Asks: 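Submitted below is the structure of interest, expressed as structure tokens.
Starting from 1, each residue takes its place in the sequence as its number. In this text, all values refer to a predicted model and were calculated from it rather than measured experimentally. Computation of the quantities below employed the complete heavy-atom set of this structure, encompassing side-chain atoms and omitting hydrogens, waters and symmetry-equivalent molecules.
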Amino acid sequence: MLAFYALPVDTMLMRSVSDPVWSLSHYAALPDDAVFQKVFWNTLYTSVIVTLGTLLLGYPVALALVRTRRWAPVILITDPAALLGPRSGAQLTPEMVLMGRHG
């Protein structure tokens with residue numbers, strides 16, 4: 001894990017404060033950058049939508065698992081998350097092409 005995650009992250013963090021000189025000026029300039037602001041708000045919006053969607057799908061399944069012990073195996077087998085679950089990059093490509101630059 002050190003070689004594949006921590007080392008590259010550490011390298012980028014060190015580069016962000018030491019290129020060309022040791023300073024935090026790169027981070028101080030971020031709030032004024034229009035691209036940064038757009039990316040920040042898009043990320044915040046997406047995280048809120050994903051959180052709400054997860055709550056809407058997860059709570060009914062969890063409640064059903066707790067309340068009906070008899071149906072628990074059936075719910076686990078036909079879990080909506082399995083139908084709506086994570087998508088691979090190959091599955092996302094057509095959607096990204098359809099959405100264009102806003103995808």
Asks: May I ask you to list the residues sharing a hydrophobic cluster with V21, side-chain cutoff 4.5 Å, ordered by chain and number?
Replies: none

Asks: With clusters built from Ile, Leu, Val, Met, Phe, Trp and Tyr whose side-chain heavy atoms come within less than 4.5 Å, directly or transitively, what are the remaining members of the cluster of L63, listed by chain and number?
Replies: none

Asks: Suppose clustering is done on Ile, Leu, Val, Met, Phe, Trp and Tyr with side-chain heavy atoms closer than 4.5 Å. Which residues sit in the same group as V39?
Replies: V35

Asks: Under 3.5 Å, which donor-acceptor pairs do the side chains of residues 2-13 form with other protein atoms, sequence neighbours left out?
Replies:
| unit_1 | atom_1 | unit_2 | atom_2 | d |
| --- | --- | --- | --- | --- |
| T11 | OG1 | L7 | O | 2.8 |

Asks: Side-chain atoms of residues 45-58: list all donor-acceptor pairs with protein atoms under 3.5 Å, sequence neighbours left out, distances to 0.1 Å.
Replies:
| unit_1 | atom_1 | unit_2 | atom_2 | d |
| --- | --- | --- | --- | --- |
| T46 | OG1 | N42 | O | 2.8 |
| S47 | OG | T43 | O | 3.4 |
| S47 | OG | L44 | O | 2.8 |
| T51 | OG1 | S47 | O | 2.7 |
| T54 | OG1 | V50 | O | 2.8 |

Asks: Could you list all the side chain to side chain donor-acceptor pair (under 3.5 Å) pairs where at least one residue sits in residues 12-21, not counting sequence neighbours?
Replies: S16-Y27

